[in-house]
Amino acid sequence: MKEQLTTLIQQALDTLIAQGVLAADIAPQIQIDRTRDKSHGDLASNIALTLAKPAQRKPRELADLICAALPANSLVTRTEVAGPGFINFFLSDDSNQAVIRRILEQGKAFGTSDTGRGRKVQVEFVSANPTGPLHVGHGRGAAVGDSLCRLLAATGWDVASEFYYNDAGAQIDNLALSVQARCKGVTPEDPEWPQDGYRGDYITELAQAYLRGDTIDAEDRHVSGSGDVEDLEDIRQFAVAYLRREQDMDLKAFAVHFDVYFLESSLYTEGAVERTVARLIENGHCYEKDGALWLRTTEFGDDKDRVMRKREGGYTYFLPDVAYHLNKWQRGFVRVINEQGADHHSTVTRVRAGLQALEQGIPQDWPDYVLHQMVTVMRDGEEVKLSKRAGSYLTLRDLIDEVGRDATRFFLVARAPSSQLTFDIDLALSQSNDNPVYYIQYAHARSCSVMRKLAELGWEWQAQSALQHLDQLQEEHEKSLLRQLDRYPEVVAGAALNCEPHLVAAYLRELAGDFHTWYNAHKMLVEEQAVRDARVALSQATGQVIANGLELLGVSAPEVM
RNA sequence: GGGGGUAUAGCUCAGCUGGAUAGAGCACCGGCCUUCUAAGCCGAUGGUCGCAGGUUCGAAUCCUGCUACUCCCGCCA
């Protein structure tokens, strides 16, 4: 619709240029906005305001000229110059109602687009190390990252999701030592408990499973425990597999899928780390100091240089990070989005600096980052304190078990990633209008219930014939709903472009509100067939869009509630 | 001290990349169930968009400087 209108305005401008009213060398950006106020019509353009200065004319005068030059068409029924020089466009009922046809014809595909043109994009998210179950912060990453994948796929990108984890570093040593200690009967309260050891109850369960000699089938590895308390390497393998399996179950319960699990250890075994170091040294960006090897990241905008190889010989996490991202680049991901907690934001400059130092022609601002802020959890009006050290923590699975997958996903994705998020358990549990998840799902269920009721009453409804009667939709509530439905593709495109899935959540809340308002004000299943057909079509279309939107958030759209 | 983020109604938050009179939901107040699901709907109240400048036809939005809150600043990841 906007495209068609843009073409019309362009034609009007061309006419004015031909008439000598406008200079031929102006290259206007034609911007068309939805109006906020219905009295301003359906769409509006500020073109006369932006062109006023170069054209050396008053905005309103120019607006009048543009309106007069607009070619005849069936789209616009009326134009109006308003305010400082806006041109308001009132569209024909027919073009406003056409959205229902598009929705019913396109079904699940309504709202999708091809801006990605099949280009490859990788989204890395969660990437929790296998040292414990996933907590609520990981949950936010999972909800945002997965929704982002869905949004990108919906806008034509070839999306690959990836989970990166360190299965071999110092933290894994701590984990293995903790499990070993627990196997020997030592508890976290004892003085001989390992320094920096992990203390959660899951360590005990893990130790018991190891001693039993359980076999672990994780998504990307399968290990049987020997039960040998002295075999630290065996404990390490077992512990990693065990916690990977735990995380798999968390993610499965959350309906989040990854295409690739990438192991940090593989960067070592395949020589990528060594090659990266050699390259950085060769490029002259390194130096030795205090027995360590440093990368001069300050050359690339970092505020201080970073250690790559520690005095004791091992590498810091920074180097494998660089090697990993080089690997992503070499896999052909011209676009990469890393979704992480904002507490890791300092790695952004560092990784980009490391990539620049490799001199591989990687763009300075590659990869992209989406950083989400912290999550706090409230229950009974009080903050639930999470302390990993003390081992008291609310896991993602606890939360899913308590409030359900849909509510968990919705709440974690419904805020801008850049905003801190308060997860109110009581709100998520409430089955009332306070709770946006139920509100939205209920709107969908209602649209389904209308169809059931229709069948009960012995009426037939067919899309093709119903579409002939859309001109029956003359109520104000219906027009609002039509406008809202028409926005959906733009909402999806905007959410994908800005990596902000919460825009979809906010939209769905509004759409559901408009639907409930209409539903309450007007009976759908009326005797008069033409009206009934049209209203059911609108209801069906709304249900379809709600289902499509919820799908993008990974939330189910129940048919009955 | 340096850096990231945030600041909009009593509370929780939107605000479509600069547009017209600032938007929801809770909460509070007043209405609506013999009617397709009241898990709902309608109405009223509520704002110096943190503060001060700047950019321009026009700023909650962009720039600068403050203030408050929060996260990070390891040879941990």
Side-chain angles (χ1 to χ4, degrees), chain A residues 31 33-37 39-40 44-46 49-50 52-53 58-59 82-86 88 127-129 131 164-166 169-172 174 196 264 290-294 303-304 306-318 320-321 340-349 371-374 376 414-422 424 427 430-436 438-439 441-443 445-446 449-454 456-457 487 490-491 493-495 497-498 500 502-503 505-507 509-510 513 516-526 535-536 539 560-561:
Chain A
Q31 186 187 329
D33 294 309
R34 270 166 212 291
T35 55
R36 194 178 303 171
D37 190 328
S39 67
H40 294 150
S45 180
N46 62 355
L49 289 164
T50 55
K53 188 169 270 186
K58 290 178 180 164
F86 291 104
N88 294 336
S127 293
N129 283 342
T131 55
Y164 171 79
Y165 68 95
N166 178 353
Q171 296 307 322
I172 301 297
N174 288 334
D196 302 322
E264 182 180 342
D290 303 332
L293 183 66
W294 298 68
D303 51 3
K304 56 182 175 183
R306 305 291 167 177
V307 170
M308 289 165 34
R309 191 172 58 219
K310 297 182 258 187
R311 195 180 308 136
E312 43 85 359
Y315 294 107
T316 63
Y317 66 88
F318 163 54
D321 265 7
Q340 307 177 344
D343 52 341
H344 286 233
H345 87 262
S346 57
T347 64
V348 176
T349 317
L371 303 177
H372 65 260
Q373 295 290 326
M374 302 292 97
T376 52
R415 297 275 176 266
S418 60
S419 289
Q420 292 179 41
L421 186 151
T422 302
D424 186 337
L427 179 60
S430 83
Q431 303 203 343
S432 72
N433 51 358
D434 305 9
N435 188 335
Y438 283 91
Y439 186 85
Q441 289 182 320
Y442 181 42
R446 269 186 155 172
S449 109
V450 166
M451 292 308 272
R452 287 192 297 271
K453 193 72 187 179
L454 181 97
E456 272 175 39
L457 293 170
R487 269 182 65 206
E490 289 166 37
V491 170
L497 181 69
N498 298 312
E500 293 189 322
H502 74 284
L503 296 175
Y507 168 81
R509 182 65 179 74
E510 281 183 45
H516 285 308
T517 300
W518 172 57
Y519 181 96
N520 193 257
H522 304 285
K523 199 169 170 66
M524 269 179 234
L525 301 181
V526 293
R535 289 184 176 170
V536 171
S539 168
V560 185
M561 286 176 75

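Predicted model only: the values in this text are computed from it and were never measured. Reminder, nothing fancy here: chain letters follow the sequence lines and each chain counts from 1.
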(message) Between Arg487(A) and Glu490(A) (salt bridge meaning N to carboxylate O under 4.0 Å), is one present in this structure?
(response) no

(request) Pick base, sugar-phosphate or nothing for Leu497(A), based on heavy-atom distances below 4.0 Å to the nucleic acid. (result) nothing

(request) With syn defined as a glycosidic angle within 90° of 0 and anti as everything else, classify C33(B). (result) syn

(request) To the nearest Å, give me how far apart CE (Met308(A)) and P (G74(B)) are. (result) 18 Å

(request) Kindly say whether, by distance alone, the side chain of Tyr317(A) makes a donor-acceptor pair under 3.5 Å with the base of A77(B)? (result) yes

(message) Ignoring hydrogens and geometry beyond distance, is the side chain of Asn46(A) in donor-acceptor contact with the base of G19(B) at under 3.5 Å?
(response) yes

(request) Could you please name the option among G19(B), G40(B), U70(B) that lies closest to any side-chain atom of Gln420(A)? (result) U70(B)

(request) Ignoring backbone atoms, test whether Tyr315(A) places a side-chain nitrogen or oxygen under 4.0 Å from the OP1 or OP2 oxygen of C76(B). (result) no

(message) Centroid distance below 5.5 Å plus an interplanar angle below 30 degrees: do Phe86(A) and G19(B) meet both conditions?
(response) no

(request) Could you let me know what C76(B) is paired to, Watson-Crick or G-U wobble, both distances under 3.5 Å, or none if it's on its own? (result) none

(request) Measure the shortest side-chain to side-chain distance between Arg535(A) and Val526(A) over non-hydrogen atoms and say whether it is less than 4.5 angstrom. (result) yes

(request) Look at all strands and tell whether His344(A) reaches a base, only sugar-phosphate, or nothing, counting heavy atoms closer than 4.0 Å. (result) base

(request) Describe the nucleic acid contact of Tyr519(A) in one word from base, sugar-phosphate, nothing, applying a heavy-atom distance below 4.0 Å. (result) base

(request) Starting from C1' on G5(B), measure out to CG on Leu421(A) and report it in whole angstrom. (result) 14 Å

(message) If you compare all heavy atoms of Leu371(A) against all heavy atoms of Val348(A), which two are closest, and at what distance to 0.1 Å?
(response) CD1-CG2, 4.4 Å

(request) Pick the C1' atom in C42(B) and in A59(B), then give their distance to the nearest Å. (result) 35 Å

(request) Using whole Å, report how far CG of Asn174(A) lies from P of A77(B). (result) 11 Å

(message) Closer than 3.5 angstrom, by distance alone: can the side chain of Arg415(A) be matched with the main-chain N or O of Gln420(A) as a donor-acceptor pair?
(response) no

(message) With a 4.0 Å limit, can you tell me whether Arg36(A) has a side-chain N or O closer than that to the phosphate oxygens OP1/OP2 of G23(B)?
(response) yes

(message) Tell me if the NZ atom of Lys58(A) is crowded by more than 12 foreign heavy atoms within 6.0 Å.
(response) no

(message) Using heavy-atom distances to pick each residue's nearest nucleotide on RNA chain B, tell me which of Ser39(A) and Asn129(A) is more 5'.
(response) Ser39(A)

(request) Sticking with atom C1', work out how far U21(B) lies from G47(B), rounded to a whole angstrom. (result) 13 Å

(request) Indicate, yes or no, whether a donor-acceptor pair under 3.5 Å links the base of A20(B) to the side chain of Asn88(A). (result) yes

(message) Checking base pairs now: Watson-Crick or wobble, both atom distances under 3.5 Å. What partners G58(B)?
(response) none

(request) Figure out the NE2/P separation between His502(A) and A14(B), and round it to whole Å. (result) 5 Å

(request) Syn or anti for U64(B), please, going by whether the chi angle lies within 90° of 0. (result) anti

(request) Give a yes or no answer on whether the side chain of Gln31(A) reaches the backbone of Asp33(A) with a donor-acceptor pair at less than 3.5 Å. (result) no

(message) Using atom C1' in both nucleotides, what's the gap between A7(B) and C51(B) to the nearest angstrom?
(response) 11 Å

(request) Using only heavy-atom distances, determine whether the side chains of Asn129(A) and Thr131(A) contain a donor-acceptor pair under 3.5 Å. (result) no

(message) I want to check one thing: is the phosphate of C57(B), taken as OP1 and OP2, less than 4.0 Å away from some side-chain N or O of Lys53(A)?
(response) yes

(message) Can you tell me if Thr517(A) touches the phosphate of C42(B), counting only side-chain N or O atoms and a distance under 4.0 Å to OP1 or OP2?
(response) yes

(request) Mind calculating the distance between CG (Asp303(A)) and C1' (G74(B)) to the nearest angstrom? (result) 14 Å

(request) Just call it for Ala506(A): base, sugar-phosphate, or nothing, with non-hydrogen atoms closer than 4.0 Å on any strand. (result) sugar-phosphate

(request) Using a 4.0 Å heavy-atom cut-off across all strands, classify Asn498(A) as base, sugar-phosphate, or nothing. (result) base

(request) Determine the interatomic distance between P on G1(B) and the same-named atom on U48(B); round to the nearest Å. (result) 31 Å

(message) Under 4.0 Å, counting only non-hydrogen atoms across every strand here, what does Ser346(A) touch: a base, just sugar-phosphate, or nothing?
(response) sugar-phosphate

(request) Describe the nucleic acid contact of Arg311(A) in one word from base, sugar-phosphate, nothing, applying a heavy-atom distance below 4.0 Å. (result) base

(request) Answer with base, sugar-phosphate or nothing: what part of the nucleic acid does Ala521(A) contact at a heavy-atom distance below 4.0 Å? (result) nothing

(message) Just to be sure I understand the rule, does His516(A) reach a base, reach only the sugar-phosphate, or reach nothing, if contact means heavy atoms closer than 4.0 Å?
(response) sugar-phosphate

(request) Calculate the interatomic distance between Glu312(A) atom CD and C75(B) atom P; express it in whole Å. (result) 12 Å

(message) Whether Lys523(A) contacts C41(B) is assessed here as follows: a side-chain N or O lying under 4.0 Å from the phosphate OP1 or OP2. Is that the case?
(response) no

(message) Checking base pairs now: Watson-Crick or wobble, both atom distances under 3.5 Å. What partners A52(B)?
(response) U64(B)

(message) Please give the distance between the P atoms of C76(B) and A60(B) as a whole number of Å.
(response) 49 Å

(request) Show your working on side chain to side chain contact (heavy atoms under 4.5 Å, CB included) between Thr35(A) and Phe86(A) and close with a plain yes or no. (result) CA-CA 11 Å; Thr35(A) 55; Phe86(A) 291 104; over 6 Å; no

(message) I'd like the P distance from C72(B) over to C66(B), given in whole Å.
(response) 24 Å

(message) The side chain of Leu525(A) is closest to which nucleotide in this list: A39(B), G3(B), C36(B)?
(response) C36(B)

(message) Of the listed nucleotides (C73(B), U6(B), G40(B)), which one gets closest to any side-chain atom of Tyr439(A)?
(response) G40(B)

(message) Applying a 4.0 Å non-hydrogen cut-off, can you work out what Ala82(A) is touching in the nucleic acid: base, sugar-phosphate, or nothing?
(response) base

(request) Round to a whole Å and report the spacing from CG of Asn520(A) to P of G40(B). (result) 11 Å

(request) Identify whether any heavy atom of His522(A) sits under 4.0 Å from a base atom; if not, whether one sits that close to sugar-phosphate; answer base, sugar-phosphate or nothing. (result) base

(message) On the nucleotide G23(B), are OP1 or OP2 found under 4.0 Å from the side-chain N or O atoms that Arg509(A) carries?
(response) no

(request) Quick one: label Arg306(A) by what it contacts on the DNA or RNA (base, sugar-phosphate, nothing), any heavy atom closer than 4.0 Å. (result) nothing

(message) Going by centres under 5.5 angstrom and planes under 30 degrees, do the aromatic ring of His40(A) and the base ring of A20(B) stack?
(response) yes

(request) May I ask you to say what Lys310(A) touches in the nucleic acid, namely base, sugar-phosphate or nothing, with a heavy-atom cut-off under 4.0 Å? (result) base

(request) Indicate yes or no: at least one non-hydrogen side-chain atom of Tyr519(A) is less than 4.5 angstrom from one of Ser539(A). (result) no

(message) Does the structure show a Watson-Crick or G-U wobble partner for A9(B), both distances under 3.5 Å? Name it, or say none.
(response) none

(request) With P as the reference atom in both, quote the distance from G2(B) to G74(B) in angstrom, rounded to an integer. (result) 16 Å

(message) Given 3.5 Å as the limit, does a donor-acceptor pair link the side chain of His516(A) with the main chain of Tyr439(A), or not?
(response) yes

(request) Using a 4.0 Å heavy-atom cut-off across all strands, classify Glu490(A) as base, sugar-phosphate, or nothing. (result) nothing

(request) Quickly work out the Arg415(A) CZ to A24(B) P distance and round it to whole Å. (result) 17 Å

(message) Checking contacts here: which listed nucleotide (A20(B), C71(B), C75(B)) is nearest the side-chain heavy atoms of Met374(A)?
(response) C71(B)

(request) Taking atom P in both A27(B) and U12(B), compute the distance separating them and give it to the nearest angstrom. (result) 15 Å

(request) Could you please name the partner base of U45(B), counting Watson-Crick and G-U wobble pairs only when both distances are under 3.5 Å? (result) none

